[in-house]
Amino acid sequence: MRHQRHLTLLAAVTVAATAAPGAAQAQDNGGTLTIDQLLSIGSVVSGSPAWSPDGSAILVESGLTGGLMTISPEGGFPTRVPADLGSAGHFLASQMPGWSPSGAWISFVSDKSGKPEIWLWSTSDGSQVQLTSLGARINSMSWSPDERTIAFAGDRYGNYDIWTVDVATRRVHRLTTDKRYEVFPSWTPDSRRVLYVRLDDTWEDHTVIEVDTDGGNPRTVLEDTDFFDYGAGTTFAYPQVSPDGSQVLFRSHRSGWINYWLAPLEGGDARPVAAAQADQSSAVWSPDGSSIAYTENHNGHHDLRVVSAEGGKPRVLVSPDGGVAVSPSWAPDGSAIAYLQGDLVSPNDLYTVSLADGKSRQLTHSMPAGNFGSRVVVPEKVHYPSTDGHSIPAYLYRPPNAAAGERFPGVLIIHGGPTSQFHDRFDQNAQFFAQRGYVVLLPNIRGSSGYGKDFADANNDCWGRCDLEDVVAGADYLRAMPEVDPERIGLTGTSYGGVMSMYAASFAPDEFRAIIPGSGYADWVHFYHGENELRHVKLLEHELGPFETSQDVWRNSSAIYEVENVASPIFMVHGVGRYPGSDQSEIFARALENYYKPFRYTTYPNENYYVRSTANRRQMLLDMLDFFEEFLRDEMVTVGERTSR
């Protein structure tokens, strides 16, 4: 049973006994999608497609079950790969299952034996082999070209080292012992050397090192600086040696944008592959080494490009209208590329595109039957002015079938990160509220990725202060719209979006009529001394400064220390029951209670701090709708103007 705790709303808010509007909205309302219909819209594929070495199949992760399946590049019904993945859930891109070079095996990480280990599934007889027994986390792995060995990063001794495992004997060998994180191994084409990435203690600088397969003769190949790596190597990712063994392809922030660069394997100056004022992702060598495929991000729109390894103008191969093309994988003969494509009104599907004529073929169809595509809201991409000369890009969702002169409440949704971004992707939460009569704005506030390093760093040292100005400016943008009731603006978000919701409650108490922080963090000082979870601490130290020397900044960016200013009703939601959890919402609730502030507090079971299961997300959305209906559609009138911040 869902655990729910409601604490009394005190003097600032009058509570009326009403029917549950969320429950009513769960019923079909003409052309509006019900919540169950909306939540059924999801991709049938996820992760990164991988083309089989013989070109006959494309391996993908199922977006529905989390298992594996293969699909013919000619289309047709998928074939399930009956590999037992345990309860590990969806794969990280760095752990994605992969074909062995001959196609005899599919490698994957599974925790079915109790701990994450590397397993092999035979493509000939369906047998499964547990390859490692390390009893540790594994964050990246790659096959040697001769298929004899897998190199991987494991943290058996407290931090990630590089290991290899012999496929025939299952013998494991530890190649590195440095106290710094060493991750993302790849191979030279002759299988004689392993390249890997060593992070410095701040996770901002990367060194690519080459070693023999026994760990001997280490040599620095290249160094890259000032590129914070929140995922312990996942942002920098694998250094990729060219098929002829002469160059290394790597990702860097050195130009002020995340671009791909090439450096000679034996040492020398690096050069950009296709310099652009845009972030680039998912680069892969063509099988013959003549070309590189990658994706490029322009204000949330991702296109698929191919460029000669010698340089020159890239070819835009796929550019979906209002959408994204991501995760390219070359056909073994180099004639086509598999990729995922989705857009603002439909989830990702698997496609292939021919290099010869540029024509794409759709291999999966994720959108459910029932004409759902014509019943979703098509958002508009807008910009609005904020302080310090910033122009904030955003997605604007309007309620469908609005009558002339009708006015609606407005809701801002803030993304997590904070160094993250809303993209040209289908967004269930925005659709849910827009279809229920809310004008919804999804801004990419300062600190977001995708707009260059200067913009991503623009909220360093000022979380909840400078970036909050972009949120307030977004609320003002909504207020200026003729279809929005200016006195009925709400705010929500998850993770850093939850943090920002807490910031707005404490630091801008007169801006929002109702606020829903989802899985937020209220007290970074308490977090440092309590949870102290490593990657979050690295992020905070990167953006706010080392705790020992910047405690005043950490405190200034903690909503709990100004909780006495809160004037808006607050509804905190988060998951409980599974490790890792957090007490951050609870301590904010206790502080609100101590100051007699209006709030509610609800948790959802069998989750870690974040709510991900469909059943719990369904209930949480209905609970959020009930709260916004109560406080953004009430008949209460405020006398006088809003107090400026």
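Reckoned from all heavy atoms, side chains included, excluding hydrogens, waters and symmetry mates.
Residues Asn297 and Ala278 share a closest heavy-atom pair of O-CB, 3.3 Å. The two residues Arg156 and Leu134 come nearest to each other via the heavy atoms NH1-O, 3.4 Å. In plain terms, the two heavy atoms of Ala559 and Phe507 that are nearest each other are CA-CZ, 3.9 Å. Taking each heavy atom of Tyr609 and Ser585 in turn, the nearest pair found is OH-OG, 2.8 Å. Taking each heavy atom of Val194 and Pro185 in turn, the nearest pair found is CG1-CB, 3.9 Å. Minimum interatomic distance between Asp461 and Gly545 (heavy atoms only, all atoms of both residues): OD1-N, 4.3 Å.
Considering only heavy atoms from C-beta on, Val221 stays 4.5 Å or farther from Phe250 through its side chain. Residues Leu621 and Leu39 meet the side-chain proximity criterion, which asks for heavy atoms closer than 4.5 Å. Between Leu539 and Phe228, some side-chain heavy-atom pair lies under the 4.5 Å cut-off. Here the side chains of Tyr477 and Pro443 are not in contact, with every heavy-atom distance at 4.5 Å or above. For the pair Asp583 and His526, the minimum side-chain heavy-atom distance is below 4.5 Å. Counting heavy atoms from C-beta outward, Phe631 and Ile516 have side chains that stay 4.5 Å or more apart. A 4.5 Å side-chain heavy-atom check between Val611 and Gln619 finds every atom pair outside the cut-off. Side chains of Phe588 and Asp523 form no contact here, defined as non-hydrogen atoms less than 4.5 Å apart.
His574 and Ser582 form no side-chain donor-acceptor contact under 3.5 Å, judged by distance and modelled atom types alone. Inspection of the Glu543 and Ser557 side chains reveals no N or O donor paired with an N or O acceptor under 3.5 Å. When only modelled atom types and interatomic distance are considered, His206 and Asp229 share a side-chain donor-acceptor pair under 3.5 Å. Side chains of Thr132 and Glu117: a donor-acceptor N/O pair is present below 3.5 angstrom, by distance only. Side-chain contact, Asp623 with Tyr604: a donor N or O sits under 3.5 Å from an acceptor N or O. Remark: the Glu607 side chain and the Ser613 side chain contain an N/O donor-acceptor pair separated by less than 3.5 Å.
Taking the six-membered ring for Trp and the full ring otherwise, Phe547 and Phe527 have centroids separated by 6.0 Å or more. Ring pair Phe184/Phe236: centre-to-centre distance not below 6.0 Å. Checked against a 6.0 Å centroid threshold, the rings of His536 and Tyr521 count as neighbours.
A salt bridge links Arg479 with Glu511: the distance from a Lys NZ or Arg NE/NH1/NH2 to an Asp or Glu carboxylate oxygen falls below 4.0 Å. Salt bridge status for Arg174 with Glu182: absent, with no side-chain N to carboxylate O gap under 4.0 Å. A salt bridge between Asp388 and Arg446 is present, with a side-chain N of the basic residue lying under 4.0 Å from a carboxylate O of the acidic one.
With values rounded to the nearest 0.5 angstrom, Thr202 atom OG1 is found 9.0 Å from Glu541 atom CD.
Between Gln240 and the options Leu195, Val284, Val248, a side chain to side chain contact (heavy atoms under 4.5 Å, CB included) holds for only Val284.
A search for ring-ring contact (aromatic ring centres under 6.0 Å, His included) contacts involving Tyr610 returns nothing, not counting sequence neighbours. Applying the salt bridge (charged side-chain N to carboxylate O under 4.0 Å, His left out) test to Asp224 and every residue at least two apart in sequence or in another chain returns Arg254.
Side-chain atoms of Asn616 come within 3.5 Å of backbone N or O of Pro605 as a donor-acceptor pair. Side chain of Trp163 to main chain of Gly154: a donor-acceptor pair is present (N/O by atom type, distance under 3.5 Å, no hydrogens or angles). Asn259 places no side-chain N or O within donor-acceptor distance of the main-chain N or O of Ala275, the cut-off being under 3.5 Å. Side-chain atoms of Asp200 come within 3.5 Å of backbone N or O of Trp203 as a donor-acceptor pair. With hydrogens and angles ignored, the 3.5 Å screen pairs a side-chain donor or acceptor of Tyr260 with a backbone N or O of Ala283. When atom types are taken as modelled, the side chain of Thr295 and the backbone of Ser281 share a donor-acceptor pair closer than 3.5 angstrom.
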Review point. Can you check side chain to side chain donor-acceptor pair (under 3.5 Å) on Asn139 and Tyr181, steps first, answer last?
Key: CA-CA 11 Å; Asn139 89 330; Tyr181 270 34; over 6 Å; no
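Applying the salt bridge (charged side-chain N to carboxylate O under 4.0 Å, His left out) rule to pairs touching residues 563-576 yields nothing, sequence neighbours excluded.
Using the six-membered ring where Trp is involved, Tyr438 and Phe628 have ring planes that are tilted, between 30° and 60° apart. Phe627 and Phe571 have tilted rings, their planes meeting at an angle from 30° to 60° on a 0 to 90° scale. Between Phe455 and Tyr451, the ring planes lie perpendicular to each other; the angle is over 60°, past the 30° to 60° tilted range.
Both tests hold for Arg535 against Tyr230: distance to the six-membered ring centre under 6.0 Å, angle to the ring axis within 45°.
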